[in-house]
Amino acid sequence: MEIQLDQSTTPFDLEHTLRCGQLFQWEKRGDWWYGVVGEMVVKIRQINDRLVFQTFPEEVDADFIKNYFRLDDNLPLILSKIDKDGHVRRAIQRFRGLRISRQEPWECLISYICATYKNIPAIKNMILNLSKRFGEKINFNSHYFYTFPKPSDLAHAGLEEIKECKLGFRAERVLEASKIVDRGEFNLEGLRKTDYEKAKRELLSLPGVGQKVADCVLLFSLDKLEAFPVDIWMKRIILGFYQNYFGASFVERVLGKSSITPGEYETISSFGRRYFGEYAGYAQEYLFPLSRSQGKLVALDSCNR
DNA sequence: GTTTGACCTGGGCAA
DNA sequence: ATTCCCAGGTCAAAG
């Protein structure tokens, strides 16, 4: 199947979107991206304004892909709203077409509990290990893929089994969170129609979920586009570009250490929401890849001086 | 309300 | 190569 895009009204860049670091279950082979979404393997590539895809074992329509990549977001409008200064503007020009994906909340929750204090290659491995062990195997194009485990699959697993997936101290948090969800004591989907503040409070009650994980789950899977996750990279970017909005002592203190306190997190995150507005999460999404691209590290350094 | 360490251990790269 | 360092933070205990 394929989707015809109109880059002026519906800008989309598959490459930027799949490389931005939000998703952990995609890899590129040749010209095609392969990913696991729900119960299916998705094979997809973009050729200019055409998005060509195939899914297996089930066939889905274009709406499925449009929903997953949030093609329903009015990106030109969103970008115009977060376009507050030269820093974001450059990020927007550079990564135009980058979109937040609409992940499944359960998978997103567990993924970001795992993401705590690990780098992306390690996170991808953890997710793959969990999926190999507790998910369903799919053979497609002579490759094996594994779906993400269901809540009951993890809830009934042994702690040791989960640890063997290289989760370390996250294993206990994943197991406990899984039990709570599996018992029906936490309605993840229900948070979609709960407002940001309340949904965040509820998420924070889950083991392994602090402010950062909660904001990621809200932004990436529950349609809370005002959520502004602050990790170590976002901290550096915000305090580099926007240091004038914070006290000099605050900037020096927070940049000087590797972790931040809950109070410092809230200061930076609420600045993001206030400064960028209702689509702050998109601003975060566009600023984030700057931290991983060479040219900009120089710019960040110069800002820190 | 804040601050401070401990925390599993896999990758990545020479800090 | 091998060792060393740090990682998309969270939690609990202490001041």
Side-chain angles (χ1 to χ4, degrees), chain A residues 18-27 98 100-101 103 107-130 132-133 158-178 180 200-221 227-240 247 249-250 252-270 272 281 283-294 296-298 300-301 304:
Chain A
L18 291 178
R19 288 189 195 282
C20 76
Q22 178 191 343
L23 304 166
F24 303 111
Q25 288 171 293
W26 287 87
E27 61 177 299
L98 167 62
I100 291 170
S101 300
Q103 284 183 273
E107 171 213 310
C108 186
L109 171 70
I110 299 301
S111 298
Y112 280 90
I113 290 177
C114 289
T116 296
Y117 209 46
K118 275 292 180 191
N119 54 30
I120 290 177
I123 300 164
K124 285 185 170 176
N125 249 322
M126 290 188 269
I127 305 298
L128 181 61
N129 292 336
L130 283 174
K132 274 185 179 172
R133 185 130 189 185
L159 181 60
E160 287 309 314
E161 286 184 287
I162 297 180
K163 276 191 175 165
E164 284 168 18
C165 295
K166 320 286 189 192
L167 293 204
F169 63 79
R170 300 158 198 80
E172 204 164 344
R173 299 171 179 177
V174 165
L175 178 58
E176 293 310 311
S178 299
I180 293 170
K200 184 166 181 179
R201 274 199 303 280
E202 294 200 23
L203 279 170
L204 287 173
S205 72
L206 290 171
V209 179
Q211 300 175 93
K212 197 279 184 169
V213 173
D215 275 328
C216 285
V217 174
L218 290 167
L219 177 61
F220 297 147
S221 73
F228 197 85
V230 179
D231 56 39
I232 186 169
W233 295 105
M234 198 43 50
K235 177 194 82 174
R236 290 169 186 158
I237 290 174
I238 296 298
L239 295 186
S249 62
F250 179 86
E252 189 180 0
R253 173 163 48 90
V254 177
L255 277 180
K257 53 185 187 178
S258 57
S259 63
I260 58 175
T261 68
E264 291 159 355
Y265 182 102
E266 183 55 24
T267 299
I268 297 173
S269 184
S270 65
Q284 189 268 1
E285 192 74 354
Y286 272 79
L287 289 172
F288 182 74
L290 293 179
S291 66
R292 309 213 295 160
S293 56
Q294 217 170 349
K296 277 295 168 95
L297 287 176
V298 179
L300 281 175
D301 278 347
N304 292 347

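Naming: A, B, ... by sequence-line order, numbering from 1 per chain.
Taking atom C1' on both B:dG11 and B:dA15, the two are 15 Å apart, rounded to the nearest angstrom. C:dT10 and B:dG12 are spaced 23 Å apart, taking the P atom of each and rounding to whole Å. Nucleotides B:dG10 and C:dC11 have their C1' atoms positioned 22 Å apart, rounded to a whole Å.
Closest to the side chain of A:Phe169, from the set B:dG10, B:dG11, C:dG9, is C:dG9. Comparing B:dG11, C:dG9, B:dC8 by their nearest atom to the side chain of A:Arg170 picks out B:dC8.
In terms of modelled atom types and a separation under 3.5 Å, the side chain of A:Arg170 and the main chain of A:Tyr117 share a donor-acceptor contact. A:Thr116 contributes a side-chain N or O that, together with a main-chain N or O of A:Ile113, makes up a donor-acceptor pair within less than 3.5 Å.
When each of A:Leu204 and A:Met234 is assigned the nucleotide of DNA chain C with its nearest heavy atom, A:Met234 is the one assigned upstream, toward the 5' end. Each of A:Gln284 and A:Leu206 was assigned the nucleotide of DNA chain C with the nearest heavy atom; the assignment lying further toward the 5' end belongs to A:Gln284.
Nearest heavy atoms, A:Phe228 versus A:Tyr265: O-OH, 3.9 Å. A:Lys163 and A:Ala171 get closest at one heavy-atom pair: CG-CB, 3.5 Å.
In this structure, NZ of A:Lys163 is placed 12 Å from C1' of B:dT9, rounded to the nearest angstrom. In this entry the distance linking NZ of A:Lys166 with P of B:dG12 reads 14 Å, nearest Å. Rounded to an integer number of Å, the gap from CD of A:Glu264 to C1' of C:dT10 is 15 Å. Summarising the geometry, the separation between NZ on A:Lys235 and P on C:dA7 is reported as 9 Å, rounded to the nearest angstrom.
Nucleic acid contact class of A:Ile113 (heavy atoms, under 4.0 Å, all strands): none. Using a 4.0 Å heavy-atom cutoff across all strands shown, A:Phe24 reaches at least one base atom of the nucleic acid. At the heavy-atom level, A:Val209 lies under 4.0 Å from the strands shown only through sugar-phosphate atoms.
Look at B:dC8: it lacks any Watson-Crick or wobble partner with both distances under 3.5 angstrom.
In terms of polar N and O atoms assigned as donor or acceptor, the side chain of A:Lys212 never comes within less than 3.5 Å of the base of C:dT10 in a complementary pairing. Not a single donor-acceptor contact under 3.5 angstrom links the side-chain atoms of A:Arg173 to the base of C:dC11.
Checked for salt-bridge contact, A:Lys124 and A:Glu27 miss the test: no charged N lies under 4.0 Å from a carboxylate O.
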